[in-house]
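Heads up, the thing below is written out as structure tokens.
Both counts, for ligands and for their atoms, begin at 1 and track the order of listing.
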Amino acid sequence: MKSLTSLLTKKVEEAFEKCGYSKELASVTVSDRPDLCQFQCNGALGGAKLYHKAPRMIAEDVVKVLSDDKELAKVEIAGAGFINIDISDEMLLGYINEVFDDVNIGVPQAEKEETIVLDYGGPNVAKPLHIGHLRAAVIGEALKRLVRATGRKAIADVHLGDWGLQMGLVMAELEVRHPDWEVFSDRFDAESFEGSIPLTADELNEVYPFASAKSKEDESFKARAKELTVELQNGEPRYTAIWKEIVKISVNDIKKNYDDLNVDFDYWYGESNADKYVPELLEALEKKDLMYESEGAMVVDVAKEDDKITVPPVIVKKSDGSSIYATTDLATIVQREKDFKPDGIWYVVDQRQSLHFTQVFRCAKKAEITDAGLEHLGFGTMNGADGKPYKTRDGGVMRLSLLFDTVYDAAMERVKESKFSAEEDKADVARKIAVATIKFGDLINHRAKDYIFDLDKFMAADGKTGSFLLYTVARVNSILKKVDEEKITAAASVFTDSERDLLLKIALSGEAYALAFKERAPNIVCENAYQLAQSFSKFYHDNHILTEEDEQKKNAWLRACVVLRKVIEKHLDILGIESVELM
Ligand code: ARG
């Protein structure tokens, strides 16, 4: 369905045209001054030059036409020629009823088909997820859901780091530790190998940091790791076999972390999957004569004249023939173009990788390997109270699972005391609160900004927190439990101020979703959800719903509760947060 401002724009366009003015002028926006009016149109000011007329005169003509419109409660000229508009309660209620019946719950739908590939998560095989991976997962998941909510196709690809030196390091260390494993022994036979190695996720998680540290002191170990990386990239059966096993064990472990957070992917492709597209990429680069040799490597120039920073050439092939990060990303574009024909590819990756993406995108466009809009949606860092990247107590890298458990334990403390949740539901409720706490705490910040992780603040029962939203839904649930929901109808009544305010906020959610999509900014959905919850608090406080004796009034207020819950839950769904029944 159409957003409220686009419906109003249509009305005002007609009025401008009726008065002989261009309808291009007639865009209606949500008011900057909600104390004065609900909506505004500044078109008369823009028309002044065009028609050599005072803006107020133009506004007067338009207002005269609009004042016949029964759906508008107020149309006034303000200041130099602004048109201030309030809609009638009937129009508002009609719109709310449409939102209620709409399958998309009022989220404005895309006008044409569009497919967007979202590249987020980006975990690395053999390295446990740490909090650096949190934002990629949380923001990427929300953007995927936002894309889908607006009627577009979203394809989520985790883009596993499974092809680099870390694989060589892990294999080199396992080779030292377990020479007796079949896969490392003379007994190994690629044909008959059954494909299992006695490696646990715990050992795997411990091996990488160990091997990485070792390679810094032990040159020959490092050389071996590099050798094994090249062997793997050349498809040597022994190392391909062990690599497959490592990936399997690691992915299982990574999936558990993502499951905890309600984050999931359509494709678990890795950098390795791009490998077979490298020849095609090189061909495209050759055809356009973009590559040249520099210090033994093959590179492509991507600098532009007006660059404010130095954008060095991208290295597409190293001297030892191995592929690197940029090659992989470029080859992955070739693959995505073939498989999905996307209109856009969005990379939800740390802001600090922006130079890499500038290079990759420019190279891709020069080589004409895709028409898709390539966007790096960078994010800032989650910091601790000291303003430095969040660490464990002893200064180590914080594992994602540990962060989750910490928040879960705090949520459980609260749930334990709650008289509402049934004993067997407590673990589930605590998990949902933990997810809401972590995700809302993150997503309320614009993605590009750094933020400080503050558990007490993030868990607070009011303010801009996940808990406040879950609490709002639970409060509505508990009201509606006391009545027969089936009997609530869509009947009209005379609105109280807080009721009108709540319904207007609900109706304006369409604008928030549209803006969030346009800006690729889930924080706009968070902010709107918070505004809705705030308005509901006031509404709930001002109107004594359950004790109201006027049945018509009571019915209308209950209906507002039902719609509000639906709309808040839509927001939560986009944010990847599940609500709880009672809290
Ligand atoms: N694995 C990478 C890292 O840990 C992130 C991958 C991001 N996605 C991409 N297409 N480059 O830094």
Side-chain angles (χ1 to χ4, degrees), residues 116-141 143-144 154-170 205 208-209 212 229 243 246-247 250-251 253-255 257-258 263 265-275 277-278 281 302 314-316 323-337 339-340 342 344-365 369-370 372-382 389 397-400 447-448 520:
I116 306 215
V117 173
L118 288 108
D119 178 318
Y120 64 99
N124 298 309
V125 164
K127 299 187 199 171
L129 293 185
H130 57 77
I131 54 137
H133 294 107
L134 178 72
R135 300 209 72 193
V138 168
I139 299 167
E141 180 72 19
L143 286 168
K144 173 186 79 181
I155 298 171
D157 180 4
V158 74
H159 200 70
L160 214 52
D162 63 353
W163 209 228
L165 182 62
Q166 94 262 21
M167 301 309 309
L169 285 166
V170 170
N205 282 337
Y208 173 74
S212 167
T229 310
W243 168 82
I246 296 172
V247 171
S250 181
V251 163
D253 195 46
I254 291 170
K255 267 192 182 148
N257 281 262
Y258 285 142
V263 170
F265 299 90
D266 304 305
Y267 292 93
W268 280 80
Y269 287 155
E271 294 175 351
S272 62
N273 294 82
D275 200 52
Y277 297 92
V278 172
L281 166 71
V302 286
V314 309
I315 304 172
V316 283
S323 306
I324 48 163
Y325 196 39
T327 324
T328 307
D329 264 324
L330 286 160
T332 304
I333 295 176
V334 174
Q335 173 247 319
R336 288 175 178 158
E337 187 61 36
D339 291 354
F340 310 124
I345 308 179
W346 297 0
Y347 297 81
V348 184
V349 182
D350 196 312
Q351 191 67 46
R352 287 169 290 192
Q353 294 194 23
S354 76
L355 182 59
H356 164 75
F357 285 108
T358 303
Q359 291 176 299
V360 166
F361 295 172
R362 286 184 184 177
C363 186
K365 289 296 170 190
I369 54 175
T370 185
L374 305 173
E375 298 181 37
H376 173 210
L377 307 178
F379 53 79
T381 311
M382 176 174 128
V397 178
M398 181 80 143
R399 284 224 196 151
L400 191 51
R447 60 179 158 71
R520 321 319 192 198

* To do: Could you see which bit of Asp350 sits under 4.0 Å from ligand 1, with heavy atoms only: side chain, backbone, both or neither?
  => neither
* Asked: Cut-off 3.5 Å, side chains only: do Glu337 and Tyr277 have a donor facing an acceptor?
  -> no
* **Short N or O distance, His356 and ligand 1, threshold 3.5 Å exclusive** => no
* **Donor-acceptor contact below 3.5 Å, side chain Asp253 vs main chain Ser250** => no
* Atom of Ala364, atom of Leu330 and distance for their closest heavy-atom approach -> N-CD2, 3.7 Å
* Asked: Just wondering, more than 12 heavy atoms not from Ile315 lying within 6.0 Å of its CD1?
  -> no
* Closest protein heavy atom (residue, atom, distance) for atom 8 (N) of ligand 1 -> Asp119 OD1, 3.2 Å
* Asked: With backbone taken as N, CA, C and O and side chain as the heavy atoms from C-beta onward, which portion of Thr332 lies under 4.0 Å from ligand 1: side chain, backbone, both, or neither?
  -> neither
* **Closest approach of any protein heavy atom to atom 12 (O) of ligand 1, naming residue and atom** => Gln353 NE2, 2.9 Å
* Side-chain (His356) to main-chain (Ala326) donor-acceptor, under 3.5 angstrom -> no
* Asked: Starting from atom 6 (C) of ligand 1, which protein heavy atom do you reach first, and at what distance in Å?
  -> Tyr325 OH, 3.4 Å
* To do: Compute the minimum heavy-atom distance from Phe357 to ligand 1 and say whether it is under 4.0 Å.
  => yes
* If you have a sec, work out which protein heavy atom is nearest atom 4 (O) of ligand 1 and how many Å separate them, to one decimal? => Asn124 ND2, 2.9 Å
* **Ligand-side contact atoms (ligand 1) for residue partner Tyr347, heavy atom cut-off under 4.0 Å** => 10 (N)
* Asked: Does Arg336 pair with Asp119 as a salt bridge, N-O distance under 4.0 Å?
  -> yes
* Does Val263 reach the side chain of Tyr120, with side-chain heavy atoms less than 4.5 Å apart? -> yes
